[in-house]
Protein chains: 2
Amino acid sequence: MLTAALSLIRRHGFAATSVDELCAAAGVTKGAFFHHFRSKEDLGVAAARHWSEITGTLFATADYHDLPDPLERIYGYLDLRASLAVGGVPDFTCLAGTMLQETYDCHPPVGEASYASITGHAATLEPDFQAAIDLYGIKGCPSARSLALHTQTVLQGAFIQAKGKGDAEPVHEALEHLRRYFNFLFPRPVEGSP
Amino acid sequence: MLTAALSLIRRHGFAATSVDELCAAAGVTKGAFFHHFRSKEDLGVAAARHWSEITGTLFATADYHDLPDPLERIYGYLDLRASLAVGGVPDFTCLAGTMLQETYDCHPPVGEASYASITGHAATLEPDFQAAIDLYGIKGCPSARSLALHTQTVLQGAFIQAKGKGDAEPVHEALEHLRRYFNFLFPRPVEGSP
DNA sequence: GGCAACATACCGACTGGTTGGTATGTTGCG
DNA sequence: CGCAACATACCAACCAGTCGGTATGTTGCC
């Protein structure tokens, strides 16, 4: 049921996804739906949490965490995000960003749960940014938290561009800009220099 | 009528804005509405175009164009964007991005008009980026077009973050990152050096 | 074991209100 | 007059949510 919700909401948005439609897609009756969820808003919150779980385990179990260099872990994360941005637009865009846009004012609980999903994911990047700052120093003075959030800002914006263009290319381009920015921020010692 | 549409859609989204609600807000009857617009989808397209016009004249008549240095014009643009990001969230966020997110799949004409608004605005920045590249050179090799689009990507992402946080702070932070990125990209000669 | 009392999971017809959209006036101006 | 700009009344489809009912456990007491 939640799986069907993720798919439908990512495609049509929260408001445009009806309970009937969702039930049909999930192969359950309306009675079953309202047995498990108090309201449609309740489903939205549950969907955001489910999204957090799915993406949480996906990124938590990713290989890039094993890299010894924190900066390499950050680049590994960007590579992973790029490798995920393939196929149809509704298949790689972010449920949380989509729902947040249209529920922040009308359905605050859904918006809050969606925002928590984004900030929660950003928080998992913060230690690597902090370690990179500690190890390499940083030009300018953005904090690890700010950099982690900015990464998500760029990705969310890239998803909007992808929805307009109809393919994943804007995501890859945005990730390149992000990589270049980080490259400027963290001045790595040249290989083989003293 | 279009003015009311902009306000309502930015607040509630396209799907959650009903024709009745819109008519009430605009102080017209439903008959008048369907006299001017063939359908709700038609209104969406018109709203996107109206948005393009409003923002188009706003930025076209801005002072930063008068600066002699193209890079200063870019920074002037960023300053202007920052100065616009004040007050309530629905008052400074982007209609085009909001509509694009929820109509790209269900109402392609609305999505396309919204995307055209974003890319059209980005195109107005391109000459300044190109002039900056020509004047200062550039580190890495992003094109003027790519930089102009990236600026919008970051802003769109920042608007999503602002909707989550409930205020404009994420927009200002994102613009700072953008400014820092451009600062790295365009190596300006130090004041007073040969 | 047997059986009553209760709990959970689910069904699907139904409701009151809302939706986008239409069909048929009415008004006012050139 | 004629025609554009509206207003009014209305419609079928759809919406989220309800409700009486059923099937299947689960518990606890004798």
Side-chain angles (χ1 to χ4, degrees), chain A residues 1-51 53 95 98-114, chain B residues 1-51 53 95 98-114:
Chain A
M1 201 131 83
L2 282 169
T3 310
L6 297 197
S7 164
L8 277 174
I9 296 175
R10 282 210 282 177
R11 210 168 297 269
H12 304 319
F14 179 74
T17 300
S18 75
V19 175
D20 283 315
E21 195 183 359
L22 185 102
C23 292
V28 300
T29 61
K30 225 166 167 184
F33 177 90
F34 280 100
H35 175 74
H36 290 286
F37 305 104
R38 218 175 307 162
S39 64
K40 189 187 170 184
E41 196 175 80
D42 198 41
L43 166 85
V45 174
R49 293 197 181 137
H50 187 55
W51 177 254
E53 268 184 45
L95 176 92
T98 303
M99 287 210 297
L100 176 52
Q101 275 249 5
E102 49 176 343
T103 61
Y104 79 103
D105 198 76
C106 293
H107 304 281
V110 182
E112 283 159 28
S114 302
Chain B
M1 201 132 82
L2 282 170
T3 310
L6 297 196
S7 164
L8 279 174
I9 295 176
R10 283 212 279 180
R11 209 169 298 269
H12 305 318
F14 179 75
T17 300
S18 73
V19 175
D20 284 316
E21 194 182 359
L22 185 100
C23 291
V28 299
T29 60
K30 229 167 165 181
F33 178 90
F34 281 100
H35 176 74
H36 290 286
F37 304 105
R38 218 175 308 161
S39 63
K40 189 188 170 183
E41 196 175 81
D42 198 43
L43 165 85
V45 174
R49 293 196 182 137
H50 186 55
W51 177 254
E53 267 184 46
L95 175 92
T98 303
M99 286 211 298
L100 176 51
Q101 271 244 356
E102 49 176 341
T103 60
Y104 78 104
D105 198 76
C106 292
H107 303 282
V110 183
E112 282 160 28
S114 302

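Each chain gets a letter, A, B and so on, in the order the sequences are listed, and its residues count up from 1.
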Distance check needed: [N] [atom2] versus [X] [atom1], whole Å only.
X: B/Glu21; N: C/dG17; atom1: CD; atom2: P; value: 18 Å
X: B/Phe33; N: D/dT8; atom1: CZ; atom2: C1'; value: 17 Å
X: A/Asp20; N: C/dG12; atom1: CG; atom2: P; value: 13 Å
X: B/Lys30; N: C/dT24; atom1: NZ; atom2: P; value: 17 Å
X: B/His35; N: C/dG21; atom1: NE2; atom2: C1'; value: 16 Å
X: B/Leu22; N: C/dT19; atom1: CG; atom2: C1'; value: 14 Å
X: B/Phe34; N: D/dC6; atom1: CZ; atom2: C1'; value: 15 Å
X: B/Glu41; N: C/dT19; atom1: CD; atom2: P; value: 18 Å

Taking only side-chain nitrogens and oxygens of B/His36, does any of them come within less than 4.0 Å of OP1 or OP2 of D/dA4?
-> no
B/Ser18 side-chain N/O to C/dT18 phosphate OP1/OP2 under 4.0 Å | no
Looking only at non-hydrogen atoms, find the nearest pair between [X] and [Y] and report the distance.
X: A/Phe33; Y: A/Met1; result: CA-CE, 3.9 Å
X: B/Thr98; Y: A/Gln101; result: CA-OE1, 3.1 Å
X: B/Ala47; Y: B/Ile9; result: CB-CD1, 4.5 Å
X: B/Leu2; Y: B/Phe37; result: CD2-CZ, 4.1 Å

Of the nucleotides C/dG21, D/dG17, C/dC10, which has the atom closest to the B/Ser39 side chain?
-> C/dG21
With the side chain defined as heavy atoms from C-beta on, B/Ala32 is closest, among D/dT18, D/dC6, C/dG21, to D/dC6
Name the nucleic acid region contacted by A/Lys40, choosing base, sugar-phosphate or nothing; use a 4.0 angstrom heavy-atom cut-off, strictly under.
-> sugar-phosphate
Under 4.0 Å between any heavy atoms, over every strand shown, what does B/Thr29 touch: base, sugar-phosphate, or nothing? Just pick one.
-> base
Gap between atom OG1 of A/Thr17 and atom CD of B/Glu102 - 0.5 Å precision | 10.5 Å
